[in-house]
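Some notes on the structure that comes next.
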Amino acid sequence: MPSYLPASIEPKWQAFWESNKTFKTVTDATKPKYYILDMFPYPSGAGLHVGHPEGYTATDILARYRRMLGFNVLHPMGWDAFGLPAEQFAIETGTHPRATTERNINNFRRQIQSLGFSYDWDREVDTTNPGYYKWTQWIFLLLYETWYDQAGKRGRPISELPIPPTVAAEGDCAVRQFIDSKRLAFQAEIPVNWCQVLGTVLANEEVIDGRSERGGHPVIRIPLKQWQLRITEYAERLIDDLDLVDWPDSVKKMQREWIGKSDGAEVVFPALGPLGQTETIRVFTTRPDTLFGATYMVLAPEHPLVDSLTYPSQKVIVNTYREQTSRKSDLERTDLAKTKTGVFTGAFAQNPVNGVKIPIWIADYVLSGYGTGAIMAVPAHDERDFEFAQTFGLNIVTVVQPTEAWLEKTGSTRENLTEAYSEMGEVIASEEFNGLDSLTCKARITDWLAAKGLGKKRIHYKLRDWLFSRQRYWGEPFPLMHEIDQAGNYTGRIDPVDIEDLPLQLPELEDYKPSGRPEPPLGKAIDWVVVTKKGRSYRRELNTMPQWAGSCWYYLRFIDPQNPNAFLETEEEKHWMPVDLYVGGAEHAVLHLLYSRFWHKLLYDRGYVSHAEPFQKLVNQGMILGETEYTGFKVNGAWVSAKEVDFDGGVARLKKKHIETDKIRLAEEMVEKKGEFFVLREDVNIRIDSRAYKMSKSRGNVINPDEVVNAFGADSLRLYEMFMGPLEATKPWSMRGVEGVFRFLGRVWRLFVDERAESVGLSPAVNSEPAEKETLRLLHKTIQKVTDDLDGMRFNTAISAMMEYTNYLTPLASKPRAALEPFILLLAPYAPHLAEELWSLVGNQKSLAYEPWPKADRTLLVADTIEIPVQIAGKIRARLAVPPGLSHEELKAAALADPKIQALMIGKSIQKAIIVLDKLVNLVVA
RNA sequence: GCUGGAGUGGCGGAAUCGGCAGACGCAUCGGACUUAAAAUCCGAAGGGUGGUAAUCCCCCCGUACGGGUUCAAGUCCCGUCUCCAGCACCA
């Protein structure tokens with residue numbers, strides 16, 4: 001019985017593509033290029049889950065489609081294989097991370113290849129391969145050898161850095177320090193996020209709510225000397241150049257907010273210390289227009305002036321407060337946001353605009369890491385300051401006139417606000433600035449301050465420099481050496497490893513466990529650490545790079561993956577860049593994409609790449625959830641309605657009483673829908689919880705693609721993932737849905753193959769007779785629809801169209817090749833194995849991978865008759881079967897000739913007739 | 001709290017520009033084929049405790065909820081609710 005058996009078709013064609021190098025990409029300048037890229041995976045030990053192939057299938061379909069359209073397509077795949085999980089796993093199991101990484105990569109490759117993606121495997125890259133990380137290290141050195149010219153707004157070679165004469169006069173050591181302080185890769189002692197459990201520092205971006213993004217371990221702030229990358233220099237361009245790319249607005253917005261540009265002024269407040277000394281407090285404000293409303297100041301508890309400004313009488317209370325806050329984690333500091341805390345230092349500052357004396361407080365709602373770590377507080381116009389002023393009974397002075405509507409809504413008066421008025425408005429109680437609108441006043445007051453030397457215009461960013469060093473083993477070693485003198489002490493001189501000595505390979509280590517202290521494990525590689533070069537002795541830099549390093553530039557290496565002499569060849573770069581379409585998960589909206597853009601801009605400034613932005617179009621695929629679960633609740637064996645229960649997927653508790661309830665997983669047959677909710681079939685008063693959850697090992701709802709391929713084949717998996725819904729949407733898995741598309745592929749198979757025959761062969765119904773007019777019309781309609789939907793990445797509706805066409809063809813006794821063969825080509829990007837099999841079955845020798853894409857003939861799309869609904873007062877009362885292309889008058893006449901309409905028109909007259917050609921007739925009657 | 005996105009049959013979803021709501025698929029039901037079952041093929045189906053002898057046909061209601069604009073609203077406007085995601089003392 002020659003039924004549709006993917007298990008016999010799919011491996012055959014995968015082997016064919018591999019041995020014929022069908023998808024090997026050769027740069028061809030005579031064709032338009034199309035670079036279509038997936039976010040390469042981290043090869044975890046768990047293997048592929050069904051979320052991975054969602055994006056991969058979408059890009060594969062488009063890659064295959066573009067090839068058929070005659071594009072020179074680059075579609076590569078590789079591995080982001082450095083990083084914490086491999087190392088954690090290695091530590092737990094005692095296997096070397098290289099071994100587990102290799103095993104995981106092999107498993108991922110096997111799984112990905114079993115899905116029939118058309119990657120050019122000759123271009124595979126692996127970030128842990130020394131041939132790859134040689135160039136990661138090379139780019140790091142480029143950062144090290146670059147300074148940012150703010151005037152020219154670009155990174156330039158460090159050799160071009162102008163040395164101020166005063167520095168030059170101080171000698172070589174001062175010059176070296178000056179240069180080091182300007183490099184884009186630099187060392188600084190700063191408070192960093194230290195994670196004890198992971199034994200490493202983490203970037204701000206890797207810390208979520210005071211815990212590590214990976215593993216959720218607690219993170220504390222300690223000062224450490226660390227390597228950083230000066231991404232802040234690129235802040236402005238990273239914002240501005242978002243205008244150049246076709247990305248989802250949400251991602252652009254997230255990046256803009258992460259960079260967090262705010263425009264304002266830095267203002268200087270003189271303050272009187274306890275010893276009679278005058279200290280200068282610098283604050284940053286975005287609202288200099290409210291300066292007259294500043295009634296107190298707040299320093300972050302960590303602010304350097306706190307000690308010298310605290311009066312003896314306040315010493316104890318201030319020190320106690322500082323100690324308390326230092327013990328709080330970032331998490332606790334934000335969690336306790338509801339009530340503001342703080343203490344008075346005893347000192348007063350002078351408001352520079354009106355000379356008023358205002359008290360200086362310390363409070364942990366002011367962050368040491370942002371702006372200057374100090375603020376002028378304007379309680380009338382800032383919510384946080386208002387709350388603080390209320391708590392401690394501080395003055396509130398209104399300097400922007402609230403609108404009447406606002407005063408009424410909040411029950412405030414100008415003199416007595418019930419909450420802060422943070423809108424712009426007319427400036428009042430501000431002497432010479434009265435009557436201006438906030439925006440004008442902001443500029444005027446800034447100019448006024450600048451003229452008096454009391455302040456200046458200032459732009460601040462939330463973005464911090466990128467903490468780039470990690471105290472872990474499984475990462476790229478820094479290609480830097482610290483000189484030591486004969487006694488073994490550091491001289492302060494740092495030299496890069498010579499380009500010809502790259503890659504600087506990771507040393508073999510027996511024990512790569514983090515020590516739990518900030519000393520990196522690489523220090524244990526005694527022989528590796530000490531180097532003598534050109535008569536100088538060095539100790540190597542012991543930190544390794546974060547996982548992001550390798551993924552920052554992999555899209556460039558794919559263009560020229562084996563090049564031993566350069567990270568990529570210029571002409572190749574010019575041909576292929578930028579990436580035309582980049583598809584991946586939304587979880588990389590900030591981190592990976594921001595870091596990559598930063599590195600790309602460095603390479604652009606230094607002349608190694610030809611575009612300012614690497615990724616022209618970006619699409620985030622949505623998450624695939626597990627199968628929908630129906631959950632009922634029981635207490636002491638008795639059903640409880642879901643409306644009585646608090647349940648978010650984990651523990652279920654009775655509302656108010658906090659009694660934990662039993663959770664019962666229910667089969668679909670046991671529940672039914674009643675109104676808005678699902679209820680128990682046996683007792684419709686019991687409401688049931690119904691939802692789909694994120695796939696996770698602990699929930700046990702993970703779908704392994706291998707199982708799906710074994711049961712239904714790769715084509716069914718691909719097709720189902722695309723048929724589920726729009727690519728960007730979050731959607732629940734359904735194994736029955738996979739079965740549905742499998743049945744569809746079976747129907748396609750049977751269009752060609754007679755299942756009742758002895759062996760696989762073309763069905764006798766398939767013939768070379770000309771196709772009927774209606775068949776051709778539907779074929780071309782399908783071609784049109786599938787093509788349009790591919791261009792718009794609406795894969796689900798394209799598949800629907802192909803299903804409809806198949807449903808039309810199935811009952812036909814005669815199946816002309818002219819109706820079938822173009823259809824194989826339409827299906828090919830989605831179900832390539834089946835399509836190749838059918839293509840060869842109808843007599844082709846070659847793969848269809850480069851067959852020209854079918855073109856819709858518009859002249860064949862016109863139907864003989866179309867149906868026109870006729871409405872009376874907006875309600876459909878009749879349908880007309882008419883030829884297309886009738887005029888307004890003809891349509892109106894046809895509608896009025898309809899017996900049903902005539903019956904309804906008795907005793908009525910037409911007020912107005914709305915006629916949309918070939919669409920509808922609507923009669924407004926009286 | 002702020003900022004996005006979403007809410008359509010039993011389920012996933014479609015309706016691309018304001019013009020026939022529910023395409024396509026799943027689940028369900030009926031029929032054909034079969035000794036029987038599976039598979040396959042053909043067909044039905046939003047709801048109505050509305051009219052009718054009737055499965056034909058007609059009528060009413062229906063895109064989270066309440067209003068509005070329009071000849072016409074899932075689609076546009078105003079307000080409310082719920083869910084998802086991101087951000088969260090950034091001065």
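The basis for the numbers below is simple: all heavy atoms, side chains too, and nothing from hydrogens, waters or symmetry mates.
Remark: the backbone N or O of A:I624 is not paired with any side-chain donor or acceptor of A:K731 at under 3.5 angstrom.
Contact check, A:R743 against B:A39: no side-chain N or O comes under 4.0 Å of OP1 or OP2. The shortest distance between the side-chain N/O atoms of A:R877 and the OP1/OP2 oxygens of B:C20 is not below 4.0 Å. The side chain of A:N807 contributes no N or O atom lying less than 4.0 Å from OP1 or OP2 of B:C41. An OP1 or OP2 oxygen of B:C58 is reached within less than 4.0 angstrom by a side-chain nitrogen or oxygen of A:K900.
Using a cut-off of 4.0 Å between Lys/Arg side-chain N and Asp/Glu carboxylate O, A:E867 and A:K919 are scored as not salt-bridged. With salt bridges taken as basic N to acidic carboxylate O contacts below 4.0 Å, one links A:D289 and A:R287.
The ring of A:Y4 has its center closer than 6.0 angstrom to the ring center of A:F742.
Each of A:R750 and A:M376 was matched to the nucleotide of RNA chain B holding its nearest heavy atom; the match closer to the 5' end belongs to A:R750.
Helical stems in RNA chain B, defined as runs of 3 or more consecutive Watson-Crick or G-U wobble pairs with both donor-acceptor distances under 3.5 Å, are listed by first residue as B:1-7 with B:81-87, B:10-12 with B:24-26, B:28-32 with B:40-44, B:46-48 with B:59-61, B:64-68 with B:76-80.
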Using atom names, set out every protein N or O paired with an N or O of nucleotides 72-82 of chain B below 3.5 Å, distance rounded to 0.1 Å.
none

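Comparing B:G79 with B:C2, their P atoms sit 14 Å apart, to the nearest whole Å.
Within the 4.5 Å cutoff, side-chain heavy atoms of A:F388 are placed close to those of A:W361.
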Next on the checklist: One character per nucleotide, please: for nucleotides 4-16 of chain B, 5' to 3', B when the base has a protein heavy atom closer than 4.0 Å, S when only the sugar-phosphate does, - otherwise.
Outcome noted: S-----SSBSS-B
